[in-house]
Amino acid sequence: MSAAGMRCPACGSTNIVDDDLYSQAQLVCVDCGSVVSEGVLANDPVGGSDVSFSRTTAVAKRPCANLIKGELLPSKGSFPLLLQCNSVLLLVHFLKCICFTPTGQQRVKAICRILMVNREIEDLSHTYYKMAYEHKAFLKVSLQKKDILTGCCVLVSCRQLNWPITVGTISCLLDADSMVVGAIYQEMVKNLSIEAPIINVTDVIEAHCHEYKISSLDVPEELAENSRELTKRAVALVELAADSWIVTGRKPIPIMMAATYLAWQSLKPNKHRLKFSLDKFCQVAKVKKLKSAMTRVAEIKEVLCKLGKEIPWVRETVTPDNVIQLVECILQNRYALLRRAMRTHEDALLEESQASCAEAPPESSSQISECADQTPITSFVKQNGSNSDGKEKPGDADYNPRVLPEHSGTQESQNPPQNWGKRVLFAPPCVIHAKKRRAEQPEHTDVTGDEEISDSEIDSYIRTPQEARDFALMQQMLSLSDSAKS
Amino acid sequence: MDSSNDEALDIIITNVVATFRTRCHLNLRTIALEGTNVIYKPEVGKVLMKLRKPMITASIWSSGKIICTGATSEDEAKLGARRLARCLQKLGFKVRFSAFKVVNVLAVCSMPFAVHLIDFTKNNRPIASYEPELHPAATYRIKNLKATIQVFSTGSLTVTGPNVQNVATAVEQVYPLLFECQKPLCK
């Protein structure tokens, strides 16, 4: 722990160190030797007393440890020091060092200052923290949960006032697992009945790009890149990824990392930059590399190749290696290229289906028997949105739950929705490589639950007395041999 | 009158969880010794017994309470539970099959269109919630049916509810909301 920002009242020097006298914490000035401050002789153990607050039998109960001001808190003057730290990691480290036992409200303040949010967000976070802290759902929770609650309040306020931060940032600041943070966040939102808008990846990417130390101050000229241009290019790449099913269902940070890397490469696609792998780029930019970012890079490059093929003036084949030079052109005209790619793909599919039309009749019967494996327990019938008579809107359609017989003709319609991944040009990997459903036995649908159970069936689950004796003997022998070995 | 059948939506039940009681104390060591297909877990205090015909796994506790999982329909769950009770009877316990109750039904369903989850959540706050950083699906909880629906952006749904009827009703209720926010498959 450091005593930054404190001045000795006797001589005015700032050279103050921790010099504990046995069990008493003391701050002593090195130059004149006076004791600047000292703690109480018998402290509560770090993190609160061993007996939890709700269980103490003290007659006059002290307020909860979280509400009492702790020793050695940062003075007001140390916050400017915090602001000078230009790396989040350094700030977190500083926060942990200097805040001995901060109260919840002070922690909220510290987090807001680290993230450099504006005054409104800070006030809103304080309000929410106060409400949540006194809500009955959070009265008896552990101290760790209350600490995480501080971060969640800041997260909610930022989202409501349009300041994009991710759950990942908050969990990094709190040094907690993002799933735990997420669970407490959702509980808090439910209990306080707050509504917070969902952030889009495109909003967060600007903040993400700023973290990369790739400006001309940090790296040599040939690797440097202007932050604004990098952000613009990365945003365009993320939008393209969102349109082609790469973003949906995935964690946002690896996608942003992949987009930033490709944007950096494509802004000056010379040999030097193209030779840089994702690992090296992250090292240069002083950012921690994520494993899934590599797969995202490959996926985005695949999409870029599909679009690059549609550029009319490109003669040679477009491969993931030479597509980077074309990225600028692709992004500028991405909507037109997307439309062209769709049309080309549809034309190709049409040709294929016409070719296979001649062999259609013998195939349809095999299709029906394939679908019979499935066990539809209830199906309901719904009017298609693009109805030919156009009488009813989808919202007014009647829903009649019916149990359809297994071998009905409508079973064929099951196949197209399941294989739409093969029909369209862009689809998420989970649809393209769909898992095969386990084939059900048809007899299962005739079960009533009250049938006769024959004795022979039950006997198959019971050992004969001889078998039971043998089994017991074997277990004894095994346990003996185990104890002999160990 | 029936509306014209252009597409039928199939709700496939993947798991049914049911509980019942045998009204008598069960000696787990006897079951573990004399039963086949059993796994004894003394540290937890239960025996896992697996049946073949309805593919069912049952957790048997010494108090006589039994949980059956793995059935694909409510009737199958009942059949499996009765089979299990007969089995325990044969092992020598005075079993009375009582308090059979289906506790949870898990079903999957696939929409013929993709869903724009952010719009869906915005239109249905606070019943729907979506945190892309935590889980890729949006969660929609229907309080009166006690059903939870997880909607994925590819159009797949997983529904859990206390019985099959509730699950079917839940899918019917959520369908129009999903239809409003559908994403065209191409682009």
Side-chain angles (χ1 to χ4, degrees), chain A residues 166-168 178-179 182 186 193 195 198 200 243 248-252 338 342 374-385 387 392 394-395 397-401 404 410 413-414 417-418 420 424-426 428 430-431 440 444 447-451 453 457-459 461-463 468 471-472, chain B residues 1-13 33-37 49 51-54 72-79 82-83 86-87 90-91 107 110-112 117-118 121-122 125-126 129-134 136-137 152-155 164 168 171-172 175-176 179-180 185-187:
Chain A
T166 60
V167 174
S178 56
M179 290 297 144
Q186 282 176 332
S193 315
E195 284 186 12
I198 310 159
N200 227 334
D243 286 336
T248 178
R250 266 84 174 267
K251 294 219 159 83
L338 270 168
M342 300 292 180
Q374 307 259 356
T375 323
I377 204 69
T378 344
S379 332
F380 70 83
V381 167
K382 194 238 148 253
Q383 189 177 28
N384 198 336
N387 202 345
E392 295 171 64
D398 295 327
Y399 299 115
N400 304 317
L404 284 180
T410 50
S413 64
Q414 266 184 17
Q418 287 160 0
W420 63 266
V424 295
L425 188 54
F426 298 117
C430 65
V431 174
E440 301 272 345
H444 283 190
V447 168
T448 61
D450 292 316
E451 290 110 324
I453 301 172
E457 267 190 77
I458 299 300
D459 280 339
Y461 291 111
I462 302 177
R463 294 194 174 116
F471 180 67
Chain B
M1 290 307 286
D2 290 353
S3 30
S4 64
N5 315 344
D6 279 342
E7 277 169 44
L9 212 59
D10 284 330
I11 307 174
I12 301 168
I13 300 191
L33 187 64
E34 294 177 19
T36 56
N37 299 9
M49 183 157 184
L51 295 180
R52 269 173 254 117
K53 266 287 269 312
T72 53
S73 75
E74 290 182 341
D75 295 326
E76 219 182 78
K78 187 159 188 197
L79 178 63
R82 284 178 54 238
R83 200 159 272 172
R86 274 291 297 279
C87 195
K90 280 243 163 148
L91 285 174
S110 200
M111 299 285 128
L117 291 181
I118 299 187
T121 320
K122 275 200 201 140
R125 286 225 191 97
S129 81
Y130 176 46
E131 285 297 321
E133 297 173 67
L134 300 175
F152 290 83
S153 52
T154 53
V164 175
V171 176
E172 283 177 30
Y175 191 104
F179 194 89
E180 274 172 21
L185 283 182
C186 358
K187 191 202 198 274

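Chain identifiers are assigned alphabetically (A, B, ...) following the order of the sequence lines, protein sequences preceding nucleic acid strands; residue numbering begins at 1 within each chain.
Judged by distance alone, the side chain of A:R463 and the main-chain N or O of B:T36 form no donor-acceptor pair under 3.5 Å.
Annotation for A:Q186 and B:S129: closest pair NE2-OG, 4.3 Å, computed over non-hydrogen atoms. Between A:S178 and B:L134 the shortest heavy-atom distance is O-CD2, 3.5 Å. Nearest heavy atoms, A:A468 versus B:E34: CB-CG, 4.2 Å.
Ranked by heavy-atom pairs under 4.5 Å with chain A, the first of B:A77, B:P136, B:P126, B:A107 is B:P136. Among B:E74, B:R52, B:R83, B:K78, the residue with the largest count of heavy-atom pairs under 4.5 Å with chain A is B:R83.
Neither the backbone nor the side chain of B:L117 comes within contact range of chain A; no heavy atom of the residue lies under 4.5 Å from a heavy atom of that chain.
In this structure, A:Y461 and B:M49 have side chains that are in contact, with non-hydrogen atoms separated by less than 4.5 Å. For the pair B:L91 and A:I462, the minimum side-chain heavy-atom distance is below 4.5 Å. At least one side-chain heavy atom of B:E133 sits less than 4.5 Å from a side-chain heavy atom of A:P252.
To the nearest 0.5 Å, atom CD of residue A:E195 and atom OG1 of residue B:T121 are 11.5 Å apart. We find the OG1-CD distance between A:T166 and B:E131 to be 11.0 Å, quoted to the nearest 0.5 Å.
Residue-environment remark: NZ (B:K122) stays at or below the threshold of 12 foreign heavy atoms within 6.0 Å.
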